[in-house]
Amino acid sequence: MSIEVSNLTKIFNGFTAVDDVNFQIETGELVALLGPSGSGKSTLLRMIAGLEIPDNGTIHLTGKETTSASPRDRNVGFVFQHYALFKHMTIYDNIAFGLKVRKAPKHEIAPRVSELLELVQLRGLEKRYPSQISGGQRQRVAVARALAARPNILLLDEPFGALDAKVREELRKWILQLHEQTQVTTLFVTHDQHEALEIAHKVFVMNKGKIEQEGTPAEIFDHPATPFVAEFVGENNFVEAEVVEPHTVRWGQFTFRVNGYPTGQKIRIYFRPNDVYVSSAPESGSVNARISKTRFKGALIELHLVIETDKQIIAHVPKGVAHSSGFTEGAEVFVQITEYHAFRNSEHTIDESLVTI
Ligand code: ADP
Ligand code: MG
């Protein structure tokens, strides 16, 4: 076990930023901590790094209790979103900095820096200054610097947050490669669901200081455990309705089957745009709809569907299907919802009932 936190809590002036968090991260894992701004991600990371002392709970790093150990004694590498490199130092000196501070013998520093430059694919740039390289390259230098002293754990706090989309995408691939090579246990903070789902073995979804769900990217995406996770990860339609008879929720002409809720229970049903099946001819169980608007989404076309004049849902269909089926604005179509998740309305920790129609 590389990171183990129990009942971890941090309160700032009466405000609970991190609220009784528990998790374990195995050695060599790459975990993403995903949540909106203000959900407590940085505070959690800073406690693990020793930059913030918890009000309650414990932290064990590689089996050792480190709850209030100094950052130096934790053997953790840290990269922030705006990790200012030392402007007056070359890339070489920036990477060597931690080694010099730790008084590593001179003859060890040069080969280690050279190895790190290779690892972060910046060989040849060692004599440049931070202002002479790109933003993406600077973040790679920051990662090299964090890895220089061979930490057991790497903590990355939105390391690509300030970069543009194209560079971020390249760096995601790069961090995956880097992790494969180094196998260092990594906790990667992001508010970007695509980033989290693409790079991590496991994702922790954080909301209001708590971890609402932990799972593989597929588990988080396909089986959201709470309404918050359903809304935060991926796109979703949601509708509010009521259990009208055992196991049955009706929303207009749609019928959803749900388990475990009493009659009269108010329910929120979530379904993804690509789980809305649209056809140009009626099929068993399909409901009439009209396309009020279409939007281009690259390989997909987004259809805004109006049902019974007052209900609106969004469907995503492959571009080829949209063209061949004549899914244009104003067209009459037929709709089925193939998969959905039901939650009791206005509750946040609830068992999920997933049923396919
Ligand atoms: P995130 O990284 O998910 O955006 P943070 O951990 O930075 O969230 O912050 C969580 C909450 O704690 C926010 O409401 C923030 O304002 C508050 N907070 C963070 N650090 C401090 C601090 N040093 N003093 C007071 N409040 C803080
Ligand atoms: Mg933050």
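We count ligands from 1, going down the list as the structure has it; atoms in each ligand are counted the same way.
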- The atoms of ligand 1 lying under 4.0 Å from a heavy atom of P36, numbered in the order shown, are 3 (O)

- Mark whether atom 4 (O) of ligand 1 lies under 4.0 angstrom from at least one protein heavy atom. yes

- Task: Mark yes or no for whether H201, through its side chain, and L30, through its backbone, hold a donor-acceptor pair below 3.5 Å.
- Result: yes

- Query: atom 15 (C) of ligand 1: protein heavy atom closer than 4.0 Å?
  - Reply: no

- Message: With a 4.0 Å cut-off on N to O distance, would you call E115 and R150 a salt bridge?
- Response: yes

- atom 11 (C) of ligand 1: which protein heavy atom is closest, and how many Å away? F15 CE2, 3.6 Å

- Quick one: look up the protein heavy atom nearest atom 12 (O) of ligand 1 and list residue, atom name and how far away it is. A17 CB, 3.4 Å

- Task: Distance to 0.1 Å, residue and atom name: give those for the protein heavy atom nearest to atom 7 (O) of ligand 1.
- Result: S42 CB, 3.7 Å

- If every non-hydrogen atom of R74 is compared with every non-hydrogen atom of G50, which pair is closest and at what distance? CZ-CA, 3.3 Å

- Take atom CZ of R123 as the centre, draw a 6.0 Å sphere, and report whether it contains more than 12 heavy atoms from other residues, nucleotides or ligands. yes

- To which protein heavy atom is atom 8 (O) of ligand 1 closest, and what is the distance rounded to 0.1 Å? G40 N, 3.2 Å

- Item | hydrophobic_cluster_shared for F334 and Y340, side chain cutoff 4.5 Å | no

- Please report which non-hydrogen protein atom sits nearest to atom 17 (C) of ligand 1, along with the residue it belongs to and the distance in Å to one decimal place. F12 CD1, 4.0 Å

- Minimum-distance protein heavy atom relative to atom 9 (O) of ligand 1: T43 OG1, 3.8 Å

- Which pair of non-hydrogen atoms, one from T190 and one from A196, has the smallest distance, and what is that distance? CG2-CB, 3.9 Å

- Selection residues 115-169 - residue pairs positive for ring pair (Phe, Tyr, Trp, His ring centres under 6.0 Å), sequence neighbours left out: F160-F188

- Query: Purely on distance, is any nitrogen or oxygen of G38 under 3.5 Å from one on ligand 1?
  - Reply: yes

- Chi angles and distances behind the side chain to side chain donor-acceptor pair (under 3.5 Å) call for Q312, H304: CA-CA 7 Å; Q312 290 219 26; H304 293 226; 4.9 Å; no

- Query: In the protein, how many N/O/S atoms are under 2.8 Å from the Mg ion (ligand 2)?
  - Reply: 1

- Message: Taking only non-hydrogen atoms of S39, do any sit less than 4.0 angstrom from ligand 1?
- Response: yes

- Task: Please confirm whether E52 comes within less than 3.5 Å of ligand 1 when only nitrogen or oxygen atoms on both sides are compared.
- Result: no

- Nearest atoms (heavy-atom pairs only) where E329 meets S292: CG-O, 3.9 Å

- Message: Taking atom NZ as the centre, does K64 end up with more than 12 heavy-atom neighbours from other residues, nucleotides or ligands that are less than 6.0 angstrom away?
- Response: no

- Task: Look at the side-chain heavy atoms of Ile, Leu, Val, Met, Phe, Trp and Tyr, link any pair under 4.5 Å apart, and say whether V167 and L122 land in one connected group.
- Result: yes

- Query: Judging by distance only, is a nitrogen or oxygen of N13 under 3.5 angstrom from one on ligand 1?
  - Reply: no

- K297 atom NZ, over 12 foreign heavy atoms within 6.0 Å: yes

